[in-house]
Amino acid sequence: MKNLHRSLLAMAAIAAFTAPALADSQVQLFGIVDAGILSQSKSRTGGSQTRVETSGLRQSVWGLKGSEDLGGGLKAFFNLESHFDMDTGALHGSGDTAGSGTIIFRRQANLGLSGDWGSVTIGRQYGPALLAHLGTEPRAFKEQFSNLYAWAYNQLEPLAGSTAVNTNNDVGIFFKNAIQYRNTLGPVTFGVLYSLGEQAGNTSKNTAYAVGAAYNGPVVLSASYQAMKDLTTGNRNIEHAGLGGAVPFGAFTFKINWLQGKNSNSDGLPTSKVDAYSGGVDWQWSQANTATLAYYDNKDKRNSEDHTRNLVLSNDHALSKRTTLYAQAAFVDAKSLASLKTSIVADGSFAPGKKTTFLNVGINHTF
């Protein structure tokens, strides 16, 4: 009884000490669940195919985020975000060397401080380059039928002919071992990120860096650059750049975007150079409906047969602030050696050398 009494006193003391901190902090459970049906006229194996599709509009994720007011305008915050597939319930695999599908917080696992001076975030996190183009990419990097995957697969180093993967780069979207500074000055929001290589005896190998900025005024302008260095030689063998613009005009918003991915092998020899050009228009034709027409032309300049031309038509119908019904159609004209590097289809399942029609309907809910 004496030991139990001491334990109870200790627990009471801990509770009394932590209660004020908990009262000052805010923790939120959040997520997106997205599922639908996707049908395509041709597949890589020849015939048509229909399947349950996960994340047609946005990625299915869940996570925890929180902040604490430290006083004087200073806040502490954290983000933990996981990616999963609605069709199977499995964790979504990652694009870095730990990509076994078992990374719980594949998208974000970070901690930081923020104030009037901006914010500093440490850990696994979104890169500033992709964030800069959310307002100018014709489909805002929707999970299906946008240049999200042309972006990603141009920064997945094994596709460049090298086995010396930059282990801090998860398809140029997420960076681990990273430090990022972000701020908004007037109409300009920008971020600068550096990912430490963590290689003993060499501070250059396996590093990555990225910058991105967006001007949000009467028009939207975006620019980005990021690069990754090889794990074994330290050569800069992945470079990615982008420019974009968007112009609102009544119920319409016109967008144009250019992305370029350059890859080299571990010896620094060029292996691919993909230019991805896109343009489109959003039309909010009613309070609950937004239609989008977008065109994508993605080509590897080192391989003229790795080339796709793509037309996408979609409509998002808001059932509420948190639930959206969507329908989208994509027409993919792929040359004979078209690959993941020039794909707007999430799994690259178009038929090379043929024209493929995709139809996708689904529902997206946020919480």
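Computed from a predicted structure; not experimentally measured.
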For T136 and I256, run side-chain contact (heavy atoms from CB on, under 4.5 Å): C-alpha distance rounded to whole Å, both residues' side-chain angles, the deciding distance at 0.1 Å, then the answer.
-> CA-CA 6 Å; T136 62; I256 189 169; over 6 Å; no

Give the C-alpha distance, both sets of side-chain angles, the deciding distance and a yes or no for side-chain contact (heavy atoms from CB on, under 4.5 Å) between Y277 and Y296.
-> CA-CA 6 Å; Y277 297 95; Y296 296 91; over 6 Å; no

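Residues F249 and F254 place their aromatic rings such that the two centres sit no closer than 6.0 Å.
Using a cut-off of 4.0 Å between Lys/Arg side-chain N and Asp/Glu carboxylate O, D306 and K299 are scored as not salt-bridged.
Cation-pi geometry between R106 and F174 is not met at under 6.0 angstrom from the ring centre and within 45 degrees of the axis. Figure legend: cation-pi geometry between K65 and F30, with NZ or CZ positioned under 6.0 Å from the six-membered ring centre and within 45° of its axis.
Judged by distance alone, the side chain of Q40 and the main-chain N or O of S349 form a donor-acceptor pair under 3.5 Å. Side chain of R139 to main chain of A294: no donor-acceptor pair is present (N/O by atom type, distance under 3.5 Å, no hydrogens or angles).
When only modelled atom types and interatomic distance are considered, N206 and T167 share a side-chain donor-acceptor pair under 3.5 Å. No side-chain N or O of Q328 forms a donor-acceptor pair with one of Q144 less than 3.5 Å apart.
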Please table the atom pairs, donor to acceptor, closer than 3.5 Å between any side-chain atom in residues 192-201 and protein atoms at least two apart or in another chain.
from : atom 1 : to   : atom 2 : distance (Å)
S195 : OG     : N168 : ND2    : 3.3
S195 : OG     : K176 : O      : 2.6
Q199 : NE2    : G197 : O      : 3.0

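One hydrophobic cluster, built from ILVMFWY side chains closer than 4.5 Å, holds both I179 and Y225. Two different hydrophobic clusters hold L57 and L38 under the rule that ILVMFWY side chains link at heavy-atom gaps under 4.5 Å.
Shown here are the ring pair (Phe, Tyr, Trp, His ring centres under 6.0 Å) partners of H240, two or more places apart in sequence or in another chain: W151.
Atoms CZ and OG1, from R182 and T189 in turn, are 7.0 Å apart once rounded to the nearest 0.5 Å.
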